[in-house]
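Read through the structure below, which is laid out as structure tokens, and then see the notes.
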Amino acid sequence: MAAIITVEGLTKSYASGFQALKGVDLTIEEGEIFALLGPNGAGKTTMISIICGNVRPTGGTVTVAGHDIVNGYRGARSAIGLVPQELQTDAFERVIDTVRFSRGLFGKPRDDAYIERVLRDLSLWDKRNSKILELSGGMKRRVMIAKALSHEPRVLFLDEPTAGVDVELRRDMWKLIGELRETGVTIILTTHYIEEAEEMADRVGVINRGELMLVEEKTTLMRKLGKKTLTVALAEPLAAVPPELAEWDVALKADGNEIEYVFDTHAERTGVSSLLRRLGDLGIGYKDLNTQQSSLEDIFVSLVHQEKAA
Ligand SMILES: Nc1ncnc2c1ncn2[C@@H]1O[C@H](COP(=O)(O)OP(=O)(O)O)[C@@H](O)[C@H]1O
Ligand SMILES: [Mg+2]
């Protein structure tokens, strides 16, 4: 796949002196869904705003579809559709007018067939003559996406598309984003919801305090950093972890009725069989065994934690 966005050595210090980005390198491939995952204040909106040309970088370079965002601003910007974190719409306008108008802002000739397709893709066609203020919150968000797509961009940015949205709407949005990718548009979304990255993305970048801590295929990420938890349901509860189990990373759970052991699935020796043997030697009986793969959430929390401890 070809790169559609390249970010090199990107830094941003705000006028306050606060350093919001500390040297970010990133390449986005055409056609992918990329999730930029990070806690509030990590620098997600700053990064998107710079790529979209709304905020001036302090250092580094960004190219979009072959155009430098500073020297080739118009070319870069016309390749981008942006759905900002804060929804802004002209409440009294009709849906179809606001979407047509957005297209015009990019100097594109009127194209009713294209606008119809966008509105149909977003299930807004029936609402095309409604005033925006008459629409539900979810529909308003769709209008924002339609506006962002109005000038046929190659890349669509969605900054926190489901922040503050209820679970059902979030699922709708995920489905919609999945469908949009079928149109060939590259999608970059920011989120602080781990499930969102897990659900949507082909690749995930974890950003924290202005640093991109890792970028990985979602599946590789989950495999590579994935740990498993073995839960041993005991025949009789224990009051404390016996000292003979000190060499394993175990903890007592469920009022002493379970032993939990976290292990690395890729270690040469996971320690599972030796642990079970030791339990047998100690006469500790068990009723059941269960292992569970760690989620992206565990990975994320451990990354953000490491950073804080450092
Ligand atoms: N205009 C600004 N001036 C000073 N600091 C800012 C400005 N905009 C954002 N910041 C700070 O930069 C950091 C990153 O913000 P932002 O990019 O909005 O994070 P995110 O979108 O990941 O929540 C935050 O600490 C925020 O307070
Ligand atoms: Mg933000």
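Order of listing sets the numbers, starting from 1, for every ligand and every atom in it. Side-chain atoms are counted along with the backbone in the values below, which use heavy atoms only and exclude waters and symmetry mates. Since we're looking at a predicted model, the values are computed, not measured.
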(request) Specify whether the nearest protein heavy atom to atom 27 (O) of ligand 1 is under 4.0 angstrom away. (result) no
(message) Distance under 4.0 Å to a non-hydrogen atom of Ala42: what atoms of ligand 1 satisfy this?
(response) 19 (O), 20 (P), 22 (O)
(message) As an exercise, identify every atom of ligand 1 less than 4.0 angstrom from a heavy atom of Ala20.
(response) 12 (O)
(message) Could you check whether atom 6 (C) of ligand 1 has a protein contact, counting only heavy atoms that fall below 4.0 angstrom?
(response) yes
(request) May I ask you to check whether Gln85 has an N/O atom sitting below 3.5 Å from an N/O atom of ligand 1? (result) no
(message) Can you tell me which residue among Thr186, Ile145, Ile80, Leu82 is in a side-chain contact (heavy atoms from CB on, under 4.5 Å) with Leu156?
(response) Ile145
(request) Look at atom 24 (C) of ligand 1 and say which protein heavy atom is nearest, naming residue and atom and giving the distance to 0.1 Å. (result) Gly41 O, 3.8 Å
(request) Report the nearest protein non-hydrogen atom to atom 17 (O) of ligand 1: residue, atom name, distance rounded to 0.1 Å. (result) Thr46 OG1, 2.6 Å
(message) Under a 4.0 Å threshold between the charged nitrogen and the carboxylate oxygen, would Arg154 count as salt-bridged to Glu30?
(response) yes
(message) Please check: side-chain N/O of Thr229 versus main-chain N/O of Val262, any donor-acceptor pairing under 3.5 Å?
(response) no
(message) Among all the protein's non-hydrogen atoms, which is closest to atom 12 (O) of ligand 1, and how far away is it?
(response) Phe18 CE2, 3.4 Å
(message) Tell me whether Asp172 is salt-bridged to Lys175, with the criterion being a basic N under 4.0 Å from an acidic carboxylate O.
(response) no
(request) Is it possible for you to check whether Arg171 lies under 6.0 Å from the centre of the six-membered ring of Trp174, through NZ or CZ, and within 45° of that ring's axis? (result) no
(request) Mark yes or no: Arg77 above the aromatic ring of Phe106, with NZ or CZ under 6.0 Å from the six-membered ring centre and no more than 45 degrees from the axis. (result) no
(message) For ligand 1 and Thr45, I'd like to know whether there is a polar contact (N/O to N/O, distance under 3.5 Å).
(response) yes
(message) Testing Val250, Thr270, Leu275, Ile259 one by one against Leu230 for a side-chain contact (heavy atoms from CB on, under 4.5 Å), which residue passes?
(response) Leu275
(request) Indicate yes or no: at least one non-hydrogen side-chain atom of Thr46 is less than 4.5 angstrom from one of Tyr14. (result) yes
(request) Please find out if the Mg ion (ligand 2) and some N, O or S atom of Thr190 are separated by less than 2.8 Å. (result) no
(request) Not counting sequence neighbours, list each pair that qualifies as a side-chain hydrogen bond (donor to acceptor under 3.5 Å, both in side chains) and has a residue in residues 111-124. (result) Arg100-Asp112, Arg110-Asp112, Glu116-Arg120
(message) I need the nearest protein heavy-atom contact for atom 2 (C) of ligand 1: residue, atom name and distance, please.
(response) Tyr14 CD2, 3.3 Å
(request) Tell me, please, if Gln85 has any N/O/S atom, main chain or side chain, under 2.8 Å from the Mg ion (ligand 2)? (result) yes
(request) Look at ligand 1 and say whether Gly43 reaches it with a heavy atom at a distance under 4.0 Å. (result) yes
(message) So if I count the atoms of ligand 1 from 1 in the order they appear, which ones are less than 4.0 Å from some heavy atom of Ser16?
(response) 4 (C)
(message) Can a donor-acceptor pair be found, under 3.5 Å and without considering hydrogens, that links the side chain of Trp248 to the backbone of Gly271?
(response) yes
(message) Only heavy atoms of Asn40, strictly under 4.0 Å: list the atoms of ligand 1 that pass.
(response) 23 (O)
